[in-house]
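By convention here, the first residue in the shown sequence is residue 1. Only heavy atoms go into these numbers, but all of them, side chains included; no hydrogens, no water, no symmetry mates.
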Amino acid sequence: MMEDFDTEGEGGAAPLPFLLWAILLYQARAWILLIMAGASRQQGDTLLRLFVPDPSTFYIGLALGLPALLCMALSGYRQRFPRSWRLCRISILIGGALLCAWQLSQWNQMALESSPLLLILTLFDVLTEAALLTMSRLKRCFIQ
């Protein structure tokens with residue numbers, strides 16, 4: 001495919017698909033929130049309380065987003081560490097499945113009636129897992 005070549009026409013490290021970056025950012029959303037709270041110094045605590053009222057759920061989100069964060073960090077070194085890069089796919093699949101299971105365990109009638117956000121996040125988690133399992137382009141980027 002033409003997108004597998006760099007600007008000089010040489011085949012090398014093909015750029016990772018945009019969808020993979022979107023999935024990694026989505027799975028690391030607690031880390032992104034932490035960075036945003038740290039960047040807004042005075043309002044950081046208020047920002048965290050606004051998006052995550054229960055601190056224990058925030059820590060669980062940080063732990064479950066760690067595989068995606070590590071995959072983002074390793075993406076620049078995927079030619080140097082090919083075995084670790086292949087393990088990244090498995091780790092983000094497991095991390096995504098754990099995120100989905102954790103969110104399903106949080107479901108109750110009152111939470112779903114007050115806000116559909118939990119339902120939407122769970123749906124996105126299921127869609128990202130399906131994309132990682134079925135899309136050939138996402139599979140191929142871990143085999144390179």
Side-chain angles (χ1 to χ4, degrees), residues 1-108 111-112 115-144:
M1 297 181 99
M2 287 303 292
E3 63 262 4
D4 291 342
F5 294 96
D6 59 11
T7 55
E8 285 80 32
E10 297 178 13
L16 294 174
F18 175 76
L19 183 59
L20 177 65
W21 285 109
I23 289 171
L24 291 175
L25 286 172
Y26 177 71
Q27 285 189 357
R29 61 189 174 268
W31 287 96
I32 294 170
L33 182 61
L34 180 67
I35 291 169
M36 287 174 37
S40 61
R41 296 177 187 184
Q42 289 83 14
Q43 293 88 11
D45 190 42
T46 308
L47 185 68
L48 283 176
R49 271 191 259 121
L50 176 69
F51 286 107
V52 187
D54 184 17
S56 65
T57 60
F58 182 67
Y59 296 130
I60 292 171
L62 286 175
L64 293 176
L66 195 57
L69 190 69
L70 292 174
C71 286
M72 280 189 262
L74 190 63
S75 68
Y77 300 102
R78 63 185 191 261
Q79 271 71 33
R80 193 176 297 167
F81 305 111
R83 184 175 290 165
S84 298
W85 179 244
R86 279 181 292 228
L87 288 175
C88 278
R89 180 174 183 261
I90 296 167
S91 70
I92 60 175
L93 279 169
I94 292 171
L98 289 173
L99 265 169
C100 190
W102 174 61
Q103 286 181 347
L104 285 173
S105 72
Q106 303 253 322
W107 279 28
N108 60 29
L112 290 176
S115 172
L117 184 63
L118 189 59
L119 178 66
I120 293 169
L121 290 175
T122 307
L123 178 66
F124 280 156
D125 280 328
V126 170
L127 289 175
T128 59
E129 288 293 300
L132 283 169
L133 286 170
T134 60
M135 295 184 78
S136 62
R137 182 152 185 208
L138 290 178
K139 288 180 189 178
R140 274 186 286 137
C141 72
F142 289 101
I143 298 172
Q144 297 174 348

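- Of the inter-residue distances, the one linking F142 atom CZ with I90 atom CD1 reads 10.0 Å to the nearest 0.5 angstrom.
- Closest non-hydrogen pair, L19 versus M135, comes out as CD2-SD, 3.3 Å.
- Annotation: side chain of L132 is in contact with side chain of L20 (closest heavy-atom distance under 4.5 Å).
- Residues I60 and L64 meet the side-chain proximity criterion, which asks for heavy atoms closer than 4.5 Å.
- When side chains are defined from C-beta on, C141 does not count as touching R137, because their heavy atoms never get closer than 4.5 Å.
- In terms of heavy-atom proximity, L24 sits nearest to M72 at O-CE, 3.6 Å.
- Contact between L69 and W31 at its shortest, heavy atoms only, is CD2-CD2, 3.7 Å.
- Atom CD1 of residue I92 and atom CG of residue L70 lie 11.5 Å apart, to the nearest 0.5 angstrom.
- Looking at heavy atoms from C-beta onward, M36 lies out of side-chain contact with Q43 at the 4.5 angstrom threshold.
- Residues passing the side-chain contact (heavy atoms from CB on, under 4.5 Å) test with F124 are Y26, I120, L127, sequence neighbours excluded.
- Going from atom CD1 of I143 over to atom CG of L138 covers 11.0 Å, rounded to the nearest 0.5 Å.
- Scanning all heavy atoms of the two residues, the minimum distance from C71 to W85 falls at O-CZ3, 3.5 Å.
- Here the closest heavy-atom approach between residue T128 and residue Q27 is recorded as OG1-NE2, 4.4 Å.
- Summarising the geometry, atom CZ belonging to R86 is positioned 13.0 Å from atom CZ belonging to R78; distances are rounded to the nearest 0.5 Å.
- Here the side chains of L16 and S75 are in contact, with some heavy-atom distance below 4.5 Å.
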Table please: side-chain donor-acceptor pairs of residues 93-104 below 3.5 Å, with sequence neighbours left out.
from, atom 1, to, atom 2, distance (Å)
Q103, OE1, T122, N, 3.3
Q103, OE1, T122, OG1, 3.4

